[in-house]
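Please read all numbers here as calculations on a predicted model, not as lab measurements.
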Amino acid sequence: MTVRILHTADLHLDSPLRSLAMKDDRLAAQVRSASRQALETMVQYCIDEDVAAFLISGDLYDGQERSAKTAAYLAAQMHRLAQAGVQVFYIKGNHDAENPIAGEIDLPSNVHVFEGRGEKVQLGGHPLFIHGVSFRDRHAPESLLPKYTAPEPGAVNIAMMHTSLAGAEGHDLYAPVSVGDLVGAGFDYWALGHIHKRAVHSETPWVVMPGMPQGRDIGEAGPKSATLLTVERGEISVSEVATSVVEFRRCDCDLTGVETDEDMRTALRSALQAQAGRGAAILRLRLMGQTSLAWQLRQLADAWRAQADEIAESIGTLWIEKMTLDVTPLSQDAADSAVSEVQQLMTEVAAEPASRDGLRQELSQILGLLPAEQRRALAPDAEAQEALLQQLTDDAVLAIAAQMRGTGT
């Protein structure tokens, strides 16, 4: 008999917006609802495709965000699965452990929430066991592997774990464990969670990090999915199920050779329409190339951003999160050369230690006024803060230089 199981993690339901650029109400609403829509996509898939079990490997919630509406919404989705006979297995991750709602929701009886000690649960009458250990607290500095119950002999054994493995860029170290230790533990499939990018670390046995089902900002760009396990005669095969309702993407618009405003609009529309063919998306738009309009673009950046927004809205499935400029002029005349000298001088002054320290202090004060979530997204560490300072300084110098050149160049 064939048994299908859907594996996901890191839904971060109702996560707050993580991008300062999302000031557009239409865009903000799209992102706010995306995590719920991704869950509904997976629930509907389970119902339509006769899935026996739905595995959620941690971080169903997002930190200390508290919402009775979120709790009621989740219970309603789990009830839909209960009516279809789908079992749900859930382990708490680090975000769930710090969220007081996670342990208080009255979920339907088809949902099994694993505790902080090792447990195993048989899936229906199948020779298949689900093992899991939840986070007790937000931090888990030691491996959880010793807490797992031994695999059941003569059965398929699936183990759920929320872990950063040996560490991953952008993720704190949680429940550290090596892939080698997981491979040697005797389970047939490790249903992992915590790292937001999908990765298959092993196929014999399977060690799968499914990635998050819906990105929240440009740092979580690209298509997202859940992992479908098909168990047949004791063997497991794996495939992906698309889940993201809207995708964060980077989009380059090459303006090389563009000489008129109309040519510019044509180039913008062409670049954006190419993105529309790949489904709904939130774009980081980069205008690039060598063009005689380079300085005009910097002078009138807000106006061109507004035109790009209008084109995206007319297409209907695209939103622009941010527009960046990486354009260069075709040539320099004498007046332009003089401005370039001033531009170089401004760059050198900004790089002087005293100026740099002053700018660094101002940036720190500005970051200090932001909510913690936005501050971490912009500059999670000293290196990122320094890179942000350099970017802002370069942009400011270019903006001043553009104004000095006037509207005719």
Got a donor-acceptor contact below 3.5 angstrom from the T317 side chain to the A280 backbone? no
I'd like to know if E115 pairs up with K92 as an ion pair, taking the criterion as any Lys NZ or Arg NE/NH1/NH2 lying under 4.0 Å from an Asp or Glu carboxylate oxygen. no
Ionic contact status for K120 with E152, cut-off 4.0 Å: yes
Just by distance, with hydrogens left out, do H131 and N157 show a side-chain donor and acceptor under 3.5 Å apart? yes
Would you say S364 and Q385 are linked by a side-chain donor-acceptor pair, where the criterion is simply a distance under 3.5 Å? yes
Would you please say whether a donor-acceptor pair under 3.5 Å links the side chains of Q296 and D261? yes
Hey, would you say the H7 and F54 ring centroids sit under 6.0 Å apart? no
What is the distance from atom CD1 of I366 to atom CD of Q361, rounded to the nearest 0.5 Å? 12.0 Å
Given the ring of Y73, does R36 sit roughly above its face, with NZ or CZ under 6.0 Å from the centre of the six-membered ring and within 45° of the axis? yes
Closer than 3.5 angstrom, by distance alone: can the side chain of T266 be matched with the main-chain N or O of E262 as a donor-acceptor pair? yes
Is the shortest heavy-atom distance from the side chain of S57 to the side chain of M161 under 4.5 Å? no
Are the side chains of V156 and E235 in contact, using a 4.5 Å heavy-atom criterion? no
Are side-chain N/O atoms of R80 and Q44 paired as donor and acceptor at under 3.5 Å? yes
Do I56 and F89 have side chains that get closer than 4.5 Å, going by heavy atoms? no
Side-chain donor-acceptor pair under 3.5 Å between S134 and R117, yes or no? no
Centroid separation under 6.0 Å, is that true for the rings of Y90 and H112? no
Say whether T260 and D263, considering side chains only, have a donor N or O and an acceptor N or O under 3.5 Å apart. yes
Going from CG on L165 to NE2 on H194, what distance comes out if it is rounded to the nearest 0.5 angstrom? 9.0 Å
Would one find more than 12 heavy atoms of other residues, nucleotides or ligands at under 6.0 Å from atom CG of D50? no
Would you say the rings of F248 and W319 are close, in the sense that their centroids are separated by under 6.0 Å? no
Looking at CG of L39 and CD of Q77, how far apart are the two atoms once the value is rounded to the nearest 0.5 Å? 5.5 Å
Can you classify the ring geometry of W206 versus Y189 as parallel (below 30°), tilted (30 to 60°) or perpendicular (above 60°)? tilted
Would a distance-only check, ignoring hydrogens and angles, find a side-chain to backbone donor-acceptor pair under 3.5 Å from S202 to V207? no
Apply the test salt bridge (Lys or Arg N to Asp or Glu O under 4.0 Å) to residues E220 and K197: give CA-CA distance (whole Å), side-chain angles for both, the deciding distance (0.1 Å), then the verdict. CA-CA 8 Å; E220 297 167 345; K197 185 176 181 179; over 6 Å; no
Have T2 and E232 got a donor and an acceptor in their side chains that come within less than 3.5 Å? yes
Spacing of L60 atom CG and T8 atom OG1 [to the nearest 0.5 Å]: 9.5 Å
Any side-chain to backbone donor/acceptor pair from R305 onto I320? Under 3.5 Å, distance only. yes
How many angstroms lie between atom CG of L13 and atom OG of S35, to the nearest 0.5 angstrom? 5.0 Å
